[in-house]
S.K.: 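Pasting in a structure now, in structure tokens, and then I'll have a few things to ask.
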Amino acid sequence: QVQLVESGGGLVQPGGSLRLSCTASGFTLDSYTVGWFRQAPGKEREGVASISNDDGDSYYLDSLKGRFTISRDNAKNTVYLQMNSLKPEDTAVYYCAADLKPWYHFLLLNRDEIAYWGQGTEVTVSS
């Protein structure tokens, strides 16, 4: 069964950190661009970060640069999102997605333009 599974979400206090994982099963991620998206309650989905298949390039939502880091371990078929200095406005459901499309405009793609999506993991930043 082809799927992406996110994990690592939870409740964290403002200023804290979380690392999300996105693991593929049924296919290998090493040829795919992978991106993280999030959707907060009552808001539209937004792209967070994307990474090229060879881990050579990455792209971030401007407002998140310096706090979030995307990385991948192709040997583990997994992509990570390290989130530091978390703020209440980071509260959202975080989704990973994968496709063969280039990394540099991946975050601008519509949902139906991306082949694979995970089910999401919830992140709540609150004291």
Side-chain angles (χ1 to χ4, degrees):
Q1 183 179 3
V2 173
Q3 60 178 353
L4 294 173
V5 178
E6 302 97 334
S7 61
L11 173 64
V12 63
Q13 292 187 341
S17 297
L18 283 175
R19 188 177 79 158
L20 306 183
S21 298
C22 170
T23 300
S25 61
F27 70 109
T28 54
L29 274 178
D30 58 3
S31 297
Y32 288 78
T33 295
V34 178
W36 286 94
F37 297 79
R38 67 185 182 183
Q39 187 163 18
K43 296 187 177 180
E44 292 189 356
R45 178 179 59 90
E46 65 178 354
V48 172
S50 62
I51 188 165
S52 63
N53 62 314
D54 62 359
D55 200 17
D57 297 287
S58 56
Y59 182 85
Y60 296 90
L61 184 67
D62 279 349
S63 61
L64 300 178
K65 288 179 181 177
R67 294 197 299 122
F68 286 19
T69 303
I70 190 171
S71 62
R72 65 192 302 159
D73 185 340
N74 285 337
K76 294 183 178 180
N77 223 22
T78 298
V79 172
Y80 304 98
L81 184 69
Q82 178 68 42
M83 307 186 296
N84 298 326
S85 302
L86 283 162
K87 304 175 181 181
E89 51 264 42
D90 294 318
T91 295
V93 178
Y94 284 72
Y95 301 89
C96 67
D99 198 280
L100 295 173
K101 294 182 175 67
W103 63 273
Y104 45 84
H105 70 244
F106 194 83
L107 300 184
L108 300 178
L109 297 175
N110 295 323
R111 184 179 179 90
D112 58 3
E113 295 177 297
I114 298 175
Y116 302 113
W117 286 87
Q119 83 291 347
T121 186
E122 191 167 356
V123 172
T124 303
V125 184
S126 175
S127 55

S.K.: Name all residues meeting the ring pair (Phe, Tyr, Trp, His ring centres under 6.0 Å) criterion together with Y60; count only those two or more places apart in sequence or in a different chain, and write none if there are none.
M.R.: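 In terms of ring pair (Phe, Tyr, Trp, His ring centres under 6.0 Å), with neighbours along the sequence ignored, Y60 is linked to no residue.
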
S.K.: Using the salt bridge (charged side-chain N to carboxylate O under 4.0 Å, His left out) rule, collect all pairs that involve residues 22-39, keeping only residues at least two apart or in two chains.
M.R.: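 For residues 22-39, and leaving out neighbouring residues, the salt bridge (charged side-chain N to carboxylate O under 4.0 Å, His left out) pairs sorted by first residue read R38-E46, R38-D90.
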
S.K.: For S25, check side chain to side chain contact (heavy atoms under 4.5 Å, CB included) against everything at least two apart and list the hits.
M.R.: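 Counting only residues at least two positions away or on another chain, S25 forms a side chain to side chain contact (heavy atoms under 4.5 Å, CB included) with Q3.
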
S.K.: Provide the full list of disulfide (SG to SG under 2.5 Å) pairs with a residue in residues 29-85, sequence neighbours left out, each pair given once.
M.R.: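 Applying disulfide (SG to SG under 2.5 Å) to every pair that reaches into residues 29-85, excluding sequence neighbours, yields nothing.
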
S.K.: Hey, what do you get for CH2 (W103) to CG (D57), rounding to the nearest 0.5 Å?
M.R.: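 Output value for this atom pair is 4.5 Å.
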
S.K.: Taking all heavy atoms of L100 and all of S31, pick out the closest pair and write down the distance.
M.R.: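 Result for this residue pair: CD2-O, 3.3 Å.
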
S.K.: Test V123 against L20 for side-chain contact (heavy atoms from CB on, under 4.5 Å), laying out the working first.
M.R.: CA-CA 9 Å; V123 172; L20 306 183; 4.0 Å; yes

S.K.: Shared ILVMFWY cluster between Y59 and L109, side chains joined below 4.5 angstrom?
M.R.: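 Yes: a chain of side-chain contacts under 4.5 Å links Y59 to L109.
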
S.K.: Which residue pairs satisfy the salt bridge (charged side-chain N to carboxylate O under 4.0 Å, His left out) criterion with at least one member in residues 95-109, sequence neighbours excluded?
M.R.: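 Salt bridge (charged side-chain N to carboxylate O under 4.0 Å, His left out) check on residues 95-109 returns D99-K101.
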
S.K.: Give the C-alpha distance, both sets of side-chain angles, the deciding distance and a yes or no for side-chain contact (heavy atoms from CB on, under 4.5 Å) between L61 and V48.
M.R.: CA-CA 5 Å; L61 184 67; V48 172; 5.5 Å; no

S.K.: Sequence neighbours left out, what passes side chain to side chain contact (heavy atoms under 4.5 Å, CB included) with S127? Give chain and number order.
M.R.: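 Counting only residues at least two positions away or on another chain, S127 forms a side chain to side chain contact (heavy atoms under 4.5 Å, CB included) with P14.
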
S.K.: Per the salt bridge (charged side-chain N to carboxylate O under 4.0 Å, His left out) rule, what does the pair list look like for residues 1-23, sequence neighbours excluded?
M.R.: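 Those involving residues 1-23 do not exist here.
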
S.K.: For residues L81 and A49, report the shortest heavy-atom separation together with the two atoms involved.
M.R.: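 Heavy-atom minimum between the residues: CD1-CB, 4.3 Å.
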
S.K.: Hey, what do you get for CG (L64) to CG (N84), rounding to the nearest 0.5 Å?
M.R.: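 If I round to the nearest 0.5 Å, the distance is 11.5 Å.
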
S.K.: Nearest 0.5 Å, what's the CH2-CZ distance between W36 and F106?
M.R.: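 Those atoms lie 12.0 Å apart.
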
S.K.: Output side-chain donor-acceptor pairs under 3.5 Å for residues 68-75, partner residues at least two apart or in another chain, one line each.
M.R.:
| unit_1 | atom_1 | unit_2 | atom_2 | d |
| --- | --- | --- | --- | --- |
| R72 | NE | N74 | OD1 | 2.9 |
| R72 | NH1 | Y32 | O | 2.9 |
| R72 | NH1 | S52 | O | 2.7 |
| R72 | NH2 | L29 | O | 2.7 |
| R72 | NH2 | Y32 | O | 3.1 |
| R72 | NH2 | N74 | OD1 | 3.3 |
| D73 | OD1 | A75 | N | 3.1 |
| D73 | OD1 | K76 | N | 3.4 |
| N74 | ND2 | N53 | O | 3.2 |

S.K.: Taking ring pair (Phe, Tyr, Trp, His ring centres under 6.0 Å) as the definition, give me every residue that meets it alongside F37, ordered by chain and number, with sequence neighbours left out.
M.R.: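 With neighbours one apart ignored, the set is W117.
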
S.K.: Please enumerate all residues that pass salt bridge (charged side-chain N to carboxylate O under 4.0 Å, His left out) together with K65, with sequence neighbours excluded.
M.R.: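 Once residues adjacent in sequence are excluded, the partners of K65 under the salt bridge (charged side-chain N to carboxylate O under 4.0 Å, His left out) criterion are D62.
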
S.K.: Any chance the side chains of N77 and T23 put a donor and an acceptor closer than 3.5 Å?
M.R.: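 On atom types as modelled, these side chains do not qualify, holding no pair under 3.5 Å.
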
S.K.: Once ring pair (Phe, Tyr, Trp, His ring centres under 6.0 Å) is applied, do any residues pair with Y104, and if so which ones, sequence neighbours excluded?
M.R.: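 For Y104 there are no ring pair (Phe, Tyr, Trp, His ring centres under 6.0 Å) partners, ignoring immediate neighbours.
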
S.K.: Under the disulfide (SG to SG under 2.5 Å) definition, can you give me all pairs with a residue in residues 17-111, not counting sequence neighbours?
M.R.: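 Residue pairs passing disulfide (SG to SG under 2.5 Å), neighbours aside: C22-C96.
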
S.K.: To the nearest 0.5 Å, tell me how far S63 OG sits from K87 NZ.
M.R.: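 If we round to the nearest 0.5 Å, S63:OG and K87:NZ are 8.0 Å apart.
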
S.K.: Hey, mind stepping through V12 and S17 against side-chain contact (heavy atoms from CB on, under 4.5 Å) and telling me if it holds?
M.R.: CA-CA 7 Å; V12 63; S17 297; over 6 Å; no

S.K.: Might you point out which heavy atoms bring L107 and S50 nearest each other, and give the distance in Å?
M.R.: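 It is CD2-CB, 4.0 Å.
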
S.K.: If you measure from OH on Y95 to CZ on R111, what distance do you get to the nearest 0.5 Å?
M.R.: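 So the OH of Y95 and the CZ of R111 are separated by 7.0 Å.
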
